[in-house]
Amino acid sequence: MILTSFDPLKKEQFQVLDKDGKVVNKDYEPKIDDDTLIHMYKTMSLARVADIKALQYQRQGRMLTFAPVQGQEAAQIGPMAALDKKDWLVPAFREAAAMLYKGVTLEQSYLYWYGNERGSQFDEGVNVLPVNVPIGSQINHASGVAYASKIQKQDAVALAYIGDGGTSHGEFHEGMNFAAVYNAPLITIVQNNQYAISTPRAKQTKSETIAQKAVAYGIPGIQVDGNDVLAMYAVVKEARERALKGDGPTLIEAFTYRLGPHTTSDDPTIYRKDEEVEEWKTKDPLIRFRKYLTNKKLWNKDKEEALQEEYKKLVNDTFKKVEASGLVELDDVFKYNYAEMPRDLQKQKEAYEAYLKESEEN
Amino acid sequence: MILTSFDPLKKEQFQVLDKDGKVVNKDYEPKIDDDTLIHMYKTMSLARVADIKALQYQRQGRMLTFAPVQGQEAAQIGPMAALDKKDWLVPAFREAAAMLYKGVTLEQSYLYWYGNERGSQFDEGVNVLPVNVPIGSQINHASGVAYASKIQKQDAVALAYIGDGGTSHGEFHEGMNFAAVYNAPLITIVQNNQYAISTPRAKQTKSETIAQKAVAYGIPGIQVDGNDVLAMYAVVKEARERALKGDGPTLIEAFTYRLGPHTTSDDPTIYRKDEEVEEWKTKDPLIRFRKYLTNKKLWNKDKEEALQEEYKKLVNDTFKKVEASGLVELDDVFKYNYAEMPRDLQKQKEAYEAYLKESEEN
Amino acid sequence: MAELTLLQAINKALEQQMEKDKSVVVFGEDAGFEGGVFRVTAGLQKKFGEDRVFDTPIAEAAIVGNAIGMAINGLKPVAEIQFSGFMFPGYNQIVTHAARMRNRSRGKYGVPMVVRMPYGGGLRALEHHSESLETLFAHIPGLKLVIPSTPYDAKGLMIAAIQDPDPVIFMEPKRIYRAFKQEVPDQEYKVEIGKARVVKKGEGMTVVAWGAMMRETQKALKRLEKENIDVELIDLRTIAPLDYDTVLESVKKTGRLLVVSEQVKSLGIASELITRANEEAFLYLEAPPMRVTGHDITVPLPKGEHHHMVDEKRIAHTIKKLANYEV
Amino acid sequence: MAELTLLQAINKALEQQMEKDKSVVVFGEDAGFEGGVFRVTAGLQKKFGEDRVFDTPIAEAAIVGNAIGMAINGLKPVAEIQFSGFMFPGYNQIVTHAARMRNRSRGKYGVPMVVRMPYGGGLRALEHHSESLETLFAHIPGLKLVIPSTPYDAKGLMIAAIQDPDPVIFMEPKRIYRAFKQEVPDQEYKVEIGKARVVKKGEGMTVVAWGAMMRETQKALKRLEKENIDVELIDLRTIAPLDYDTVLESVKKTGRLLVVSEQVKSLGIASELITRANEEAFLYLEAPPMRVTGHDITVPLPKGEHHHMVDEKRIAHTIKKLANYEV
Ligand SMILES: Cc1ncc(C[n+]2csc(CCOP(=O)(O)OP(=O)(O)O)c2C)c(N)n1
Ligand SMILES: Cc1ncc(C[n+]2csc(CCOP(=O)(O)OP(=O)(O)O)c2C)c(N)n1
Ligand SMILES: [Mg+2]
Ligand SMILES: [Mg+2]
């Protein structure tokens, strides 16, 4: 049992791969088939390329504000690989990588950040909730989804993400406590990327780890090396089993780092030092995982080059498509406020259309 | 140090007096002068009489809904006696005893529950906030009061009360976390009286103790026998010193029991057994403290009888005065919404007065 | 048919829907074991078990937020907020999520949930127990808001609310929870959300009310029986989406509009109704539309509440004033 | 005098008041070290230290609730909510405490605090970053709400807000944070809370706007320059308590009222203004009062926002319509 072996109150952190991709904790190395390992790596890579490209587009004025994932790919892909298709992902707003793995298309993802609600109209059977902007509130949704899953015997869990900053929010507390009381099959991953915008982790809470906050809810809490995709996979696998057995939620602190800016409107040089970023670059989750796969002979330089080429093209093509989608139609902004449009809203729409027509004619 | 000697994670509870009034923990018996001891006991007794009487008045249809304190007097008087006059009391809604000790008059207290805001217009220099109905929110006020005290170097703490149920609220979490980050001189006492209206403690949270929730904020947490007025005194004394030294907040769980109904609209027989109540009656904080004082030769039967007579009369006279106060004047409900009445509100008031005059004439 | 109070009618509606539809779940602070502080959900836990009827921790954001999650994953939650004045900690969930999830996901995720809350004054209650917060819901696109004034409507609206694909705020005028009984059909029936009811036809003036104010207004009309004022009385029943058609048609006929509401004065439902009367019936108005409301003050504690409460006397007074208005 | 943007004017007001009055403290998410995501509080921490200017955890109830506690205990907090759409978790504190503490304690405890929040659309921002939530504050007795539309007013109103004995919500139209500069006096001065400003005298029609809509309205008037419509333009500046006298006096003179607002349609400030015009100037009205507002929909994400945003074209269109209205 991983969850009982690493006590956050003793500042223990769970790791499988060190930063050179060496297995340091053989006992806990998860058994993952090769295809899945490669799929995990590829999705991490795609997320990374999409991220870097989006930043370029944004700097060119072609993309709106978005929240980069860079550096946190392992904390997102490990857990997703440990889930079943019918499990739910309940993201905060920095989980583009996790969403990709769970079936949100790159086009949808880009479309969302491009400013179009269609980007959250996920495909049938993709159990992912839309990007959640109001911090903390998604924990309650996840708890509710999990509870519903439990009493309807769906044999599925809900996995929610939140940031280190988000744990200060009352909704985090209420959601975790609620889920714990009713043993809802919830897994909450705190991506502790050391900052909430400019606010460092130490100004967010006085607790030495985020994981120890689990004590308040009478549930297991564990700190994991969030840049270690195998550790993240293994711990979620175990938390999922617990949850499905009816033992309730688990709190997982993924100790990681946001390599990029908070969003594209943010200038991180104001509040953090280059050396700090450089230091964390050496712990890059992609490099580490690539080394592991290379050691396993599942990956090599040629494959890497080909993959990079393929993804650059894919990302470019996708973004062009998104760009070509243009503006949102008038119908769309009225139609989805209710299942059926109320008569007064219908009249508002007609009045506005009449105005548009009239003002066009003049 | 009491705070470091009783670990809630090991289910340790701090006690000085056992239920027979015997000192079981000599090391921690606080040194309190005789006058203060007697004043503490008297205030507990007054609170008890006022409570029982108010219940009678309410059953006679003369008093409105109120929240009885019975059984929780020690958890309120011990802490108050450990405070300084300039320290702040930030109550929830079941702290009539604590408020009495801190200088709110019985008349004010009754007037409040009688339905008149004047009951919260405390005297100059009485550092007590009004009864707080929205659960949890007072913790943030207390944190703010404490922070203000700290940066203005007032050398005072804020002591907030909350119920076991209240700890589930997001505002509890946010307030505790905020105060901890900034080492605000805050003491939070959770009166764990085992129920939130009909909801038992076990349905409120899965954590084994409330005290352990302190771990989430990186602050000390301790469970105390809440029916032991000396233990409550001692622990608050120590928490206060910590706070004034700049070490930040403390979370104290007072393990106690509400002997009466939640409020006078509540019927506790629906959700709890007589035996349970009877069992807790043997732990009555007043009896225990009286035995202690009697052992110390500070109290005896005659004094007790005289006191009961005196308080019954005092309470009766006070309530009669409150009853005679009648309705609130029209001026009062308009005048205090702003420091200066806005012109439109002034006009609303005048219009209403004109209507009253007119309708009287007809 | 049985004679039921408004409170019992809601209880019956819940019981019936829970029986019929396994996905209906009921929860809130003290709503499970003891059946709520007003006993609206009494008996349900015993009948349907603890999975479907349960007590929650004191955490309104969790109550609403969990309901949203449940609704997204196949349940039809009916969540109780103990008093409307305690909905504020859950308001974030109501506004930023319940109201928006369908639009946000372009139809992928609806939130078919009901949030029940007793509201309104007149019960000599503690602070925060007497407010009328309609505006805070009706102002938010994506929400529905219904308020019954009779046992019959209470049952029919609750059934409609539970079956509605969108989030419905169900405000219960607790002052009339047990004030009177009415014959209520035993079987399932719905009162359409979004339809006002013309309680009494008339030609001289349109009077609009809802919730507990319906009763006060009816008492006022009784008082005025001999005054020969031909009032058309409308019970809104749904506050959002509001049935402007019924109201404005009436105003066009009568030329006079009075709105009775126990909200504070400014920015109440009355102000939107009066504005609509202006926008769409200006040329029909024979007098300025009027309103009887509370004042723009904090609802006073019981010993001062009468200064704020709208009562039949004040309503009657204003009806007369409006009837006598001449340009 | 210096040429300042609206944003800089607020920054200057804060700096000046902090210098003058040691009890003024400033805090919010990222408001300390980096000076806020918009940099409104930039430079203050360096100048006044970490005790008086600081970052908070992400917890809006704590931000507002702590401000209330501080205000009660001798400080004058100026708290920042990062975007108005994130005020909801703090709304409980604003409504149930800030607005009521003075009344609750019959004058013993005032809450002299300011809650700042950038608001409004037009910046192509993420969800919840573009709402106009005036109603949610103006509907609550006990609160004040101010919204500047110029750098001059921004500084004067902020100083007045900080010195006000009651809680003031200070909504900042972020769309015009840096849109233009204006000469702003270096010394301390106040713009009275509760006073609207007649920006331009006129006889033909009263147009009321505030915040970022002032600029759109002025552009619309520019467009209509040759049309010979004699508009009296009023900038509300304070939304609560609202200066009805100035507006209604104008309406009595012009007989026509147009309210421009980027709120959703129903239950906006416009609806209360129109209702008041009815109640108090009915016989002066030569046309139905009109409003230009958003629709009753969730504010769309950037690629659809233009459908909802009020722009100069739509304002101009409605001004013409109102001018041409004949009974
Ligand atoms: C309720 C709420 N308050 C404020 C914000 C503004 N905001 C957006 S992201 C952010 C910081 C989040 O930090 P963290 O939770 O650590 O997540 P990270 O950005 O590091 O992934 C803030 C304050 C928000 N979105 N919601
Ligand atoms: C935010 C909020 N939600 C609900 C209520 C209604 N309510 C009043 S007291 C109470 C139970 C409180 O339980 P606890 O915190 O244990 O305190 P106790 O009554 O036991 O002293 C509830 C739910 C409230 N006052 N505030
Ligand atoms: Mg972070
Ligand atoms: Mg309790």
Side-chain angles (χ1 to χ4, degrees), chain B residues 88 90 116-124 126-127 129-134 136-152 154 156 158 160 169-171 173-182 184 186 332-345 347, chain D residues 22-23 25 27 49-52 54-75 77 89-90 92-93 95-97 99-110 112-113 141-144 164-166 193-194 238 240-245 276 280:
Chain B
W88 288 78
V90 183
N116 188 330
E117 289 83 350
R118 293 261 168 214
S120 300
Q121 195 187 34
F122 309 141
D123 300 346
E124 188 65 39
V126 172
N127 283 350
L129 292 202
V131 163
N132 184 81
V133 174
S137 50
Q138 74 276 16
I139 304 298
N140 278 310
H141 304 161
S143 166
V145 165
Y147 184 84
S149 165
K150 179 182 162 184
I151 73 163
Q152 294 175 112
Q154 294 168 343
H169 210 276
E171 296 236 18
H173 178 73
E174 294 196 3
M176 293 310 297
N177 189 58
F178 194 105
V181 168
Y182 285 101
L186 170 70
D332 263 23
V333 306
F334 277 91
K335 206 160 95 182
Y336 296 99
N337 287 274
Y338 298 89
E340 202 180 315
M341 205 184 305
R343 200 173 132 63
D344 183 54
L345 193 54
K347 281 171 70 180
Chain D
K22 271 195 136 173
S23 66
V25 292
F27 54 92
E50 286 191 41
D51 274 359
R52 292 182 62 199
F54 58 97
D55 293 320
T56 66
I58 303 176
E60 287 78 11
I63 292 173
V64 181
N66 272 271
I68 292 170
M70 293 178 201
I72 287 174
N73 192 16
L75 296 180
N92 185 43
Q93 286 285 355
V95 176
T96 71
H97 293 302
R100 287 162 168 257
M101 196 57 86
R102 179 183 298 282
N103 182 66
R104 175 182 296 150
S105 65
R106 285 294 186 254
K108 177 160 166 121
Y109 295 119
M113 74 173 185
L143 295 178
K144 297 185 176 182
D164 199 280
D166 287 312
I193 293 179
T238 296
L242 208 147
D243 183 359
Y244 292 111
D245 288 347
R276 298 292 177 126
E280 299 179 40

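Proteins come first, then strands; the chains are lettered A, B, ... in the order of their sequence lines, and each starts at number 1.
- The contact between B:E124 and chain D is made entirely by backbone atoms, counting heavy-atom distances below 4.5 Å.
- Legend: residues meeting ring pair (Phe, Tyr, Trp, His ring centres under 6.0 Å) with D:F54, ordered by chain and number and at least two apart, are B:Y147, B:Y182, D:F27.
- The two residues B:A339 and D:P165 make their nearest non-hydrogen contact at CB-CG, 3.5 Å.
- Of the listed residues B:I151, B:I139, B:V90, B:V133, the one with more heavy-atom pairs under 4.5 angstrom with chain D than any other is B:I151.
- Between D:R104 and B:P130, the shortest heavy-atom distance links the atoms CD-CB, 3.7 Å.
- Note: D:S105 leads D:A240, D:S105, D:P241 in heavy-atom pairs under 4.5 Å with chain B.
- Side-chain contact, D:N73 with B:Q152: no donor N or O sits under 3.5 Å from an acceptor N or O.
- The part of D:D245 that comes within reach of chain B is its side chain, from C-beta onward, which places non-hydrogen atoms under 4.5 angstrom from that chain.
- Contacts between D:R276 and chain B at a heavy-atom distance below 4.5 Å involve the side chain alone, from C-beta outward.
- D:V64 does not touch chain B: none of its heavy atoms, backbone or side chain, sits under 4.5 Å away.
- Taking OG from B:S143 and CD1 from D:I68, the interatomic distance works out to 12.0 Å, rounded to the nearest 0.5 Å.
- Taking CG of B:N140 as the reference point, atom CD of D:E60 lies at 11.5 Å (rounded to 0.5 Å).
- Here the NE2-CG distance, from B:H141 to D:N66, works out to 9.0 Å after rounding to the nearest 0.5 Å.
- In this structure, chain D has heavy atoms under 4.5 Å from both the backbone and the side chain of B:L129.
- Side-chain contact between B:P134 and D:Q93 is absent, with no heavy-atom pair separated by less than 4.5 Å.
- Counting heavy-atom pairs closer than 4.5 Å to chain D, the top residue among B:A156, B:G144, B:A158 is B:G144.
- Considering all non-hydrogen atoms of both residues, B:V126 and D:Y109 come closest at O-OH, 3.4 Å.
- A distance of 6.0 Å separates CZ of B:R118 from CZ of D:R106, quoted to the nearest 0.5 Å.
- Of the two parts of B:K347, only the side chain, counted from C-beta on, holds a non-hydrogen atom closer than 4.5 Å to a non-hydrogen atom of chain D.
- Between atom CE of residue D:M101 and atom CG of residue B:N132 there is a gap of 7.0 Å, rounded to the nearest 0.5 Å.
- The two residues D:N92 and B:S137 make their nearest non-hydrogen contact at ND2-CB, 4.3 Å.
- Considering only residues two or more places apart in sequence or on other chains, D:A59 meets the side chain to side chain contact (heavy atoms under 4.5 Å, CB included) condition with B:E174, D:A62.
- The main-chain N or O of D:L143 is found under 3.5 Å from a side-chain atom of B:Y338 such that the two form a donor-acceptor pair.
- Residues D:H97 and B:Q138 have side chains that never bring a donor and an acceptor to within less than 3.5 angstrom of each other.
- Scanning both residues, B:F178 and D:P57, for their nearest heavy atoms gives CD1-CD, 3.8 Å.
- Residue contact with chain B, scored on non-hydrogen atoms closer than 4.5 Å, involves the backbone and the side chain of D:D51 alike.
- Only the backbone of B:V131 comes within less than 4.5 Å of a heavy atom in chain D; its side chain stays farther off.
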